[in-house]
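Numbers for residues simply follow the sequence, beginning at 1.
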Amino acid sequence: MKLTKQQKAAHRAAFRAMSPGEKLEYIWEYYKWPILLTMLVLGILIWAAQRELTKKEPVLYLALVNVTVGEDLEQALTTGYLTASDKNPRRQEVYVYRDLYLSDDADVLNHEYAYASRTKVMGAVQTQKLDVVLMNREAYDLLSAQGYLLPFDDAALPPLFVSNEVVVSDNAIEWQLNEAATHERVTETVQNALAMSDCPLFQAAGFEGNVYAGVIANSPRPAEALRYLQYLSSDVRP
């Protein structure tokens with residue numbers, strides 16, 4: 001119901017006559033929901049602004065597959081690279097996918113974990129959010145065979161280059177379905193990773209077996225990825 005001018009004037013006079021505590025109680029009683037809604041909107045706006053101001057731009061996406069690194073080494077793999085390449089660690093980052101596990105021989109306990117990791121790797125590759133992979137030999141064999149790794153054509157880091165098989169064609173499915181008389185698997189040997197274990201950055205990390213670094217074939221940041229490999233193979237230490 002719309003109030004008359006006299007009623008509005010009476011309400012204003014009554015409000016002015018209230019004590020400070022009574023005024024607060026009156027405001028809360030009649031304007032509680034608009035106040036709460038305004039506070040919620042302001043909170044969302046402040047959160048969004050803070051998130052945008054502190055958001056970091058990934059300059060590179062790194063996956064740790066079948067390897068685990070300590071705090072010091074991870075610092076060198078991320079902030080250390082940004083600092084060495086004159087980037088701003090406050091506004092940029094090396095984004096890391098941790099705890100990935102790939103295996104063709106995963107047991108019952110690890111099978112689901114391996115499947116989830118494979119799905120995560122494939123999703124990152126398809127969305128072009130994976131550039132460099134640090135991996136053990138098993139993961140290297142799997143990613144190489146499936147053609148995920150970029151072949152190295154130049155001689156920028158020749159002493160560290162290693163080669164592996166890439167499957168060119170495989171009719172295993174047709175053969176298992178009796179649609180082919182024989183199983184034919186064609187492979188080629190490609191130089192597509194670097195052996196990193198003897199590099200100063202990795203010597204004291206305590207890895208079991210060799211560690212390899214490769215670049216994902218469809219990376220939209222190949223130049224940055226190669227600069228990253230040069231950094232990993234330099235004399236830098238954690």
Side-chain angles (χ1 to χ4, degrees), residues 60-81 84 94-107 110-111 113-118 120-122 124-125 130-168 185 187-219 221-222 224-238:
L60 196 79
Y61 292 86
L62 170 68
L64 305 177
V65 184
N66 296 12
V67 295
T68 303
V69 303
E71 183 177 342
D72 290 343
L73 181 52
E74 181 165 336
Q75 184 78 4
L77 295 175
T78 54
T79 307
Y81 171 69
V94 174
Y95 187 91
V96 182
Y97 298 97
R98 302 172 182 85
D99 303 323
L100 297 175
Y101 173 67
L102 298 180
S103 177
D104 272 344
D105 298 317
D107 58 25
N110 291 329
H111 178 74
Y113 185 29
Y115 178 80
S117 294
R118 186 184 297 270
K120 191 169 185 177
V121 170
M122 291 175 61
V125 171
L130 182 53
D131 304 299
V132 176
V133 182
L134 281 179
M135 53 202 160
N136 71 350
R137 183 71 202 197
E138 181 180 21
Y140 175 34
D141 289 343
L142 289 171
L143 293 175
S144 175
Q146 295 170 16
Y148 278 112
L149 302 178
L150 180 73
F152 294 118
D153 297 325
D154 58 64
L157 301 163
L160 303 176
F161 281 148
V162 290
S163 300
N164 208 334
E165 285 189 349
V166 175
V167 177
V168 177
R185 187 173 185 267
T187 64
E188 63 178 357
T189 301
V190 176
Q191 188 172 255
N192 58 5
L194 282 73
M196 308 302 298
S197 298
D198 291 333
C199 296
L201 190 59
F202 296 91
Q203 283 177 341
F207 291 114
E208 294 184 6
N210 291 325
V211 176
Y212 302 89
V215 176
I216 294 299
N218 75 334
S219 166
R221 294 162 287 271
E224 191 73 54
L226 290 175
R227 283 193 293 269
Y228 188 72
L229 294 188
Q230 289 175 330
Y231 164 79
L232 297 184
S233 61
S234 67
D235 291 333
V236 65
R237 299 174 186 273

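Between the side chain of N66 and the backbone N or O of L102 there is at least one donor-acceptor pair closer than 3.5 Å. Listed for the S117 side chain is no donor-acceptor partner under 3.5 Å among the backbone atoms of A114. Listed for the Q191 side chain is no donor-acceptor partner under 3.5 Å among the backbone atoms of S163. Side-chain N or O atoms of Y228 include one that pairs as donor or acceptor with a backbone N or O of L77 at under 3.5 Å.
Under the 3.5 Å distance criterion, with hydrogens and angles disregarded, a donor-acceptor pair is assigned to the side chains of N192 and Y140.
The 12-atom threshold is not exceeded at CD of E71, counting heavy atoms of other residues, nucleotides or ligands nearer than 6.0 Å. The environment of Y95 atom OH is sparse: at most 12 non-hydrogen atoms of other residues, nucleotides or ligands sit within 6.0 angstrom.
Put simply, CG on L64 and CD on E74 are 7.0 Å apart, with the number rounded to the nearest 0.5 Å. Separating the CZ atom in R221 from the CD1 atom in I216 is a distance of 11.5 Å, to the nearest 0.5 Å. With rounding to the nearest 0.5 Å, the separation of CG in L194 from CG in N210 is 12.5 Å. Note that NE2 of H111 is 11.0 Å distant from OH of Y101, once rounded to the nearest 0.5 Å. From L229, atom CG reaches atom CD of E224 across 11.0 Å, with rounding to the nearest 0.5 Å. Interatomic distance, L130 CG to M122 CE, rounded to the nearest 0.5 Å: 12.5 Å.
Residues V162 and M196 fail the side-chain proximity criterion, which asks for heavy atoms closer than 4.5 Å. Looking at heavy atoms from C-beta onward, V121 lies out of side-chain contact with Q146 at the 4.5 angstrom threshold. In this structure, the side chains of V132 and V94 stay at 4.5 Å or more apart for every pair of heavy atoms. In this structure, L160 and C199 have side chains that are in contact, with non-hydrogen atoms separated by less than 4.5 Å. For the pair F207/V69, a side-chain contact is recorded, criterion being any heavy-atom separation below 4.5 Å from C-beta on.
Between Y97 and A124 the shortest heavy-atom distance is OH-CB, 3.8 Å. Closest non-hydrogen pair, G80 versus Y231, comes out as C-OH, 3.3 Å. Here the closest non-hydrogen pair linking P200 and S234 is CD-O, 3.5 Å. V211 and S197 get closest at one heavy-atom pair: N-OG, 2.8 Å.
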